[in-house]
Amino acid sequence: MPELPEVETIVRELRRHIVGKTIAAVRLFWPRSVEGSQSEFCRRLRGMTVAAVFRRGKYIGLESADGTFFTIHLRMTGKLVQEMAAQDRKHLRVRFNFLDGTALHFVDTRKFGRLRLWPSREQSCPGLGPEPLRQATLLAVLRALSTTRAIKTVLLDQTILAGIGNIYADEALFATGIHPLTPAAALNHGQQKRLARSLPLVLRLAIGRRGTTLRDYRTVEDRSGENQEHLFVYGRSGQPCLTCGTAIEKMRIAGRSSHFCPRCQKKTV
DNA sequence: CTTCACACCTGGCCGC
DNA sequence: TGCGGCCAGGTGTGAA
């Protein structure tokens, strides 16, 4: 489900809702949602006062003043909500109760989401590439690519760039006019520069719209995003390209469906 | 190094 | 109505 813009939206709402609060109780309804020792996880979190909430790629990180740090990865269907809707109760996996009487619910239909403790914030989420929100960072990363893997595959690789998922990879490639199968190292300077400009734009616009809600994604306040109203290619196969009218095509790349306009995104190699 | 199948899970949708 | 097959914002593993 959630990619960088959705996770960023959730993190911003979490800051409003839980910073300063102390966890009174943690209850696991689906223990496998927690990686590592479940008893240690619950023990360390009990009594923890949330000092800060972070995002790193698609990870949400919560930290206390004494250095306790844990992450939540929502994978496909995970969500964090203050209040549970009726249909959420069946999929409640973890519940955090705070001293002030409020709660935070980790709801996850498909049970792919994962929570885990780390020794510190610095030692968490190893192997993630840089954040893709700055043009200069992206340009450096794109210029350094020497792989022949398809650019779409590379954008989805979290060790190269952290936070991009299937929707925004497709949208950014469309915005840049690059065919998703283009070998990463074959991008010319103009394409590198345009992609480095487009990606942060696509992501920031989506953040401004609180992300893309296709099915399950909801914010902490149980609001949906609005970016689904502004997609150019994702989920639009067979429909006319909003730029040129050609039917959007769909093909499988890196095991994921990829949407593109065969006219606006010509293969250059 | 890279691709690919498969695993982890549940539910919605479509065709028959 | 029921059933099978296919699909889904993600990631990790092991085989080829």
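All values derive from a computational prediction rather than experimental measurement.
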| task | Please state how far atom CD in A:Gln87 lies from atom P in B:dG12, giving the value in whole angstrom units. | result | 10 Å
| query | Nearest to the side chain of A:Met76 - C:dA8, B:dT3, C:dT11? | reply | C:dA8
| Taking the side chain of A:Ser257 as its heavy atoms from C-beta onward, which of C:dG9, B:dC9, C:dT11 lies nearest to it? | C:dG9
| Between B:dC9 and A:Arg93, is there an OP1 or OP2 to side-chain N/O distance shorter than 4.0 Å? | no
| message | For A:Trp118, does the six-membered ring have the charged nitrogen or CZ of A:Arg121 within the cation-pi criterion, i.e. under 6.0 angstrom from the centroid and within 45° of the normal? | response | no
| task | With P as the reference atom in both, quote the distance from B:dC6 to C:dC6 in angstrom, rounded to an integer. | result | 12 Å
| field | Test item: side-chain donor near acceptor, A:Thr102 and A:Lys21, under 3.5 Å | value | yes
| note | For B:dC9, the nucleotide meeting Watson-Crick or G-U wobble distances (both under 3.5 Å) is none
| What's the CG-P distance between A:Asp157 and C:dT11, to the nearest Å? | 10 Å
| said: Looking only at the side chain of A:Arg75 (C-beta and beyond, no hydrogens), which of the listed nucleotides C:dG12, C:dG9, C:dA8 gets closest? | reply: C:dG12
| message | Can you tell me the base-pairing partner of C:dG9? Count Watson-Crick or G-U wobble geometry only, both distances below 3.5 Å, and say none if there is no partner. | response | none
| query | Within the distance-only criterion (no hydrogens, no angle test), does the side chain of A:Asp88 pair as donor or acceptor with the backbone N or O of A:Ala85 below 3.5 angstrom? | reply | yes
| task | Round to the nearest Å and state the distance from A:Ile72 atom CD1 to C:dG9 atom C1'. | result | 17 Å
| request: Kindly state whether the pair A:Phe112 / B:dC8 counts as stacked, where counting means centroids closer than 5.5 Å and planes tilted less than 30° apart. | output: yes
| said: Which nucleotide wins on minimum distance to the side chain of A:Lys250, given the candidates B:dT3, C:dC7, B:dC9? | reply: C:dC7
| field | Integer-rounded Å distance: C:dG9 C1' and A:His259 NE2 | value | 11 Å
| said: Expressed as a whole number of angstroms, how long is the span from A:Lys58:NZ to C:dG9:C1'? | reply: 8 Å
| Side-chain N or O of A:His91 closer than 4.0 Å to phosphate OP1/OP2 of B:dT10 | no
| message | Testing the 3.5 Å rule here: is there a donor-acceptor pair between the side chains of A:Ser257 and A:Lys250? | response | no
| message | What's A:Glu3 touching, base or sugar-phosphate or nothing? Going by heavy atoms closer than 4.0 Å. | response | sugar-phosphate
| query | In whole angstroms, how far is the P atom of C:dT11 from the CD1 atom of A:Ile160? | reply | 13 Å
| said: With a 4.0 Å limit, can you tell me whether A:Thr147 has a side-chain N or O closer than that to the phosphate oxygens OP1/OP2 of B:dT2? | reply: yes
| note | Closest to the 5' end of DNA chain C, once A:Tyr59 and A:Arg215 are matched to their nearest nucleotides, is A:Arg215
| request: Compare the minimum distances between each of C:dT11, B:dT3, C:dG9 and the side chain of A:His73, then state the nucleotide with the smallest one. | output: C:dT11
| task | Looking only at side-chain atoms of A:Asp216, point me to the closest of C:dT11, B:dT3, C:dG9. | result | C:dG9
| said: With a cut-off of less than 4.0 Å, is there a side-chain N or O of A:Lys90 near OP1 or OP2 of B:dG11? | reply: yes
| Exercise: do A:Asp108 and A:Thr77 side chains pair donor with acceptor under 3.5 Å | yes
| query | With a non-hydrogen cut-off below 4.0 angstrom, is A:Arg32 in contact with a base, only sugar-phosphate, or nothing? | reply | sugar-phosphate
| What interatomic distance, in whole Å, is found between P of C:dC7 and the corresponding atom of B:dC4? | 16 Å
| Rounded distance in Å - CZ (A:Arg114) to P (C:dT13) | 12 Å
| query | Relative to the ring of A:Phe232, is the ring of A:Phe174 parallel (under 30°), tilted (30 to 60°) or perpendicular (over 60°)? | reply | parallel
| note | Test side chain to side chain donor-acceptor pair (under 3.5 Å), reference A:Glu221, set A:His17, A:Arg210, A:Gln82, output is A:His17
| N-glycosidic conformation, C:dG9 - syn within 90 degrees of 0, else anti | syn
| field | Nearest to side-chain heavy atoms of A:Thr109, which nucleotide of B:dT10, B:dC8, C:dG9 | value | B:dT10
| task | Nearest whole angstrom, please: distance from the C1' of C:dG9 to the CG of A:Leu74. | result | 10 Å
| task | Report yes if a side-chain nitrogen or oxygen of A:Arg252 is closer than 4.0 Å to either non-bridging phosphate oxygen (OP1 or OP2) of C:dA8; otherwise report no. | result | yes
| task | Identify, between A:Leu156 and A:Gly255, the residue whose nearest nucleotide on DNA chain C lies closer to the 5' end. | result | A:Gly255
| task | Tell me whether the OP1 or OP2 atom of C:dG9 has a side-chain N or O from A:Thr213 closer than 4.0 Å. | result | no
